Trainee: 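Structure provided below as C-alpha cells; questions to follow.
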Amino acid sequence: MLDKVKELIGEVNEFQATTPEAVEDFRIKYLGKKGLLNDLFAEFKNVEPALRKEFGQALNTLKNAAQDKVNTLKDNLESADEQKGFYGDLTRPSEPIELGSRHPISIVKNQIIDVFSRIGFTVSEGPEIEDDWHNFTALNLPEYHPARDMQDTFFIEKDPDILLRTHTSSVQVRYMENNEPPIRTISPGRVFRNEDISARAHCIFHQVEGLYIDTDVSFADLKQTLLYFTKEMFGKSKIRLRPSYFPFTEPSAEVDIYWGLETETDYKITKGTGWLEIMGCGMVDPNVLKNANIDPTKYSGYAFGMGIERIAMLLYQIPDIRMFYENDVRFLEQFKTVL
Ligand code: DAH
C-alpha cells in the first residue's frame with residue numbers, strides 16, 4: 001500500500017502537460033471526487049494502526065504534490081498563452097519596413113558639414129529672429145548703408161529693429177562675441193528675404209556661413225580651403241575668384257567653379273561659359289573684428305557664405321527652387337537612397 005503511494009508521488013512529480021485538457025484530466029484522476037486520492041483515503045481504515053502514521057503522511061505528500069502540480073502547470077500554460085498573444089507567431093516573416101528619406105537640403109547641409117569638420121571646423125548656430133546689430137551694424141552695414149536695400153528684409157519690430165535674418169553672417173558676429181580665437185566654425189541655417197518667388201528665388205532659403213580667425217591668416221589660406229571644399233563636394237578642382245564687394249569683408253571675392261561643358265545641361269546652367277558661381281567670400285573686415293571685440297592688429301581671418309539650395313540644385317539637377325518646399329513625396333522619395 002505504502003509502496004503504491006510512493007510510486008504515485010513519483011508519477012505526479014514527473015507529470016508534464018502541454019494542453020489545459022491534459023491538466024484537467026490529471027486533476028480529475030488524482031483530486032477528483034472519484035479520484036485516486038479519495039480512494040486511498042478510503043483505504044485508510046484498512047491500514048494496520050502501526051503503519052497509519054507513515055501512510056497518512058505519504059498520502060498528504062501525494063495530495064500536496066498533485067495540487068502543486070496542477071497549479072504550476074496551469075500557470076505555465078497561461079503565461080505561454082499571454083506571450084503568444086503579445087508577440088504573435090515568432091517564426092513568421094516580419095512586416096516590411098517603410099523607409100523615409102532625408103530632405104535634399106539636409107543631405108547637402110550634412111555633406112558640407114562633413115567636408116569642413118574633416119579640417120577642424122565646428123558647427124554653430126544662431127537665432128532666425130535677429131536684431132539689427134548682428135544682422136547689419138556689426139557686419140559693417142551701418143544705418144542708411146545702401147547695401148541694406150539689397151537684402152529685402154522682413155522686419156518684425158521697428159525701434160529697436162527686430163527682423164528675420166537675411167543671411168547666416170549674423171552667426172559670425174555672435175560666435176566671435178562668445179569665443180576667443182582661434183576660431184574655425186561653419187554655421188548652417190535658414191534665412192529670409194522679401195523676394196518675389198520664382199524658379200530661382202524664394203523668400204526662405206538656407207545658407208552655410210564659414211569663419212576662420214587666427215594669427216597670420218591670409219588670402220592664400222582662404223583659397224586653399226575653398227579649393228579643398230570644391231574638390232570634396234563637387235569633385236571639381238578648378239576654381240576662380242572674381243573681385244567683388246561685401247561690406248563685411250575686404251578684399252571680397254565671388255567664387256566660381258569650372259563645371260565643364262560636356263553636356264547640354266552644362267551649357268544651360270553655365271550659360272555656355274562652363275563656369276558657375278557658388279559663393280561669396282573674403283578677408284574679415286577689421287571693423288567687423290573690432291565690433292565683436294577681437295583685436296584686428298593681432299588677428300585676421302576669412303569668411304565665406306553659400307546657398308544650400310543652389311548647391312543642391314546643381315548636384316541633383318533640380319530645375320526649380322520651389323520643389324524644396326512643396327513636400328511632394330514623388331520628389332522627396334527620389335532621395336531615399338542617399339543618407
Ligand atoms: N552674406 C552673404 C550673402 O548673403 C554671403 C557672404 C559673402 C558671406 C561673403 C560671407 C562672405 O561670409 O565673406 O549673400
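A quick note: this is a predicted structure, and the numbers were derived from the prediction, not measured. We count ligands from 1, going down the list as the structure has it; atoms in each ligand are counted the same way. Note that these values count all heavy atoms, side chains included, but never hydrogens, waters or copies made by symmetry.
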Trainee: What atoms of ligand 1 come closer than 4.0 angstrom to any heavy atom of S169?
Mentor: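 In order of number, 1 (N), 8 (C).
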Trainee: Suppose I only count heavy atoms of A303 and a 4.0 Å limit; which atoms of ligand 1 are within that range?
Mentor: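 Counting atoms of ligand 1 from 1, those under 4.0 Å from A303 are 12 (O), 13 (O).
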Trainee: Atom 5 (C) of ligand 1: which of G282, G305, G307 has the nearest heavy atom?
Mentor: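 Answer by nearest heavy atom: G305.
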Trainee: Where's the contact between M279 and ligand 1, heavy-atom distance under 4.0 Å: side chain, backbone, both or neither?
Mentor: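 None of M279 does.
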Trainee: May I ask you to check if ligand 1 and R193 share an N or O to N or O distance below 3.5 Å?
Mentor: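 Yes, there is a polar N/O contact under 3.5 Å.
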Trainee: Between Y302 and ligand 1, which part of the residue brings a heavy atom under 4.0 Å of the ligand: side chain, backbone, both or neither?
Mentor: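 Contact part for Y302 vs ligand 1: neither.
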Trainee: Taking non-hydrogen atoms only, is E250 closer than 4.0 angstrom to ligand 1 via side chain, backbone, both or neither?
Mentor: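 For E250, there is no contact with ligand 1 at all, from either part.
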Trainee: For ligand 1, which atoms sit closer than 4.0 Å to a heavy atom of C281?
Mentor: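 Ligand 1 atoms under the 4.0 Å threshold to C281: 9 (C), 11 (C), 13 (O).
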Trainee: So how far is it from M283 CE to S300 OG, rounded to the nearest 0.5 Å?
Mentor: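 One finds 5.0 Å between CE of M283 and OG of S300.
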Trainee: Rounded to the nearest 0.5 Å, what separates atom CG in L211 from atom OH in Y302?
Mentor: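 Nearest 0.5 Å value for the CG-OH distance: 9.0 Å.
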Trainee: Tell me the protein heavy atom at minimum distance from atom 10 (C) of ligand 1, and give that distance in Å.
Mentor: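 Checked against all protein heavy atoms, atom 10 (C) of ligand 1 sits closest to E209 OE2, 3.4 Å.
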Trainee: Provide the closest heavy-atom pair for I162 versus I129 in the form atom of the first, atom of the second, distance.
Mentor: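 What the structure gives for the nearest pair is CG2-CG2, 3.5 Å.
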Trainee: For atom 11 (C) of ligand 1, find the nearest protein heavy atom and state the residue, atom name and distance (0.1 Å precision).
Mentor: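 Of the protein heavy atoms, F248 CE1, 3.6 Å lies nearest.
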Trainee: Check whether any side-chain heavy atom of V12 sits under 4.5 Å from a side-chain heavy atom of Y30, and report yes or no.
Mentor: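 In short, these two side chains touch, coming nearer than 4.5 Å.
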Trainee: When the aromatic ring centroids of H202 and Y325 are compared, is their separation below 6.0 Å?
Mentor: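 So the answer is yes for these two rings.
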Trainee: Check N13 against K69 and note the closest heavy-atom contact, atom names and distance.
Mentor: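 Taking every non-hydrogen atom into account, O-NZ, 2.9 Å.
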Trainee: Heavy-atom contacts with Q172 under 4.0 Å: which atoms of ligand 1 show up? List them by number with element.
Mentor: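 Answer for ligand 1: 12 (O).
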Trainee: Mind checking whether Q207 contacts ligand 1 via backbone (N, CA, C, O), side chain (CB onward), both or neither, at a 4.0 Å heavy-atom cut-off?
Mentor: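 Just the side chain.
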Trainee: Do other residues, nucleotides or ligands put more than 12 heavy atoms under 6.0 Å from K63 NZ?
Mentor: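 At most 12 heavy atoms, drawn from other residues, nucleotides or ligands, come within 6.0 Å of this atom.
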Trainee: Name the option, out of V288, T249, L139, that contains the heavy atom nearest to atom 13 (O) of ligand 1.
Mentor: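 Going through V288, T249, L139 one by one, T249 has the nearest heavy atom to atom 13 (O) of ligand 1.
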Trainee: Among side-chain atoms of S252 and S244, is any donor-acceptor pair under 3.5 angstrom?
Mentor: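 No, no side-chain donor-acceptor contact under 3.5 Å.
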Trainee: For the aromatic rings, using the six-membered ring if either is Trp, is the centroid distance between F116 and F229 under 6.0 Å?
Mentor: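 Here the rings of F229 and F116 have centres that are less than 6.0 Å from each other.
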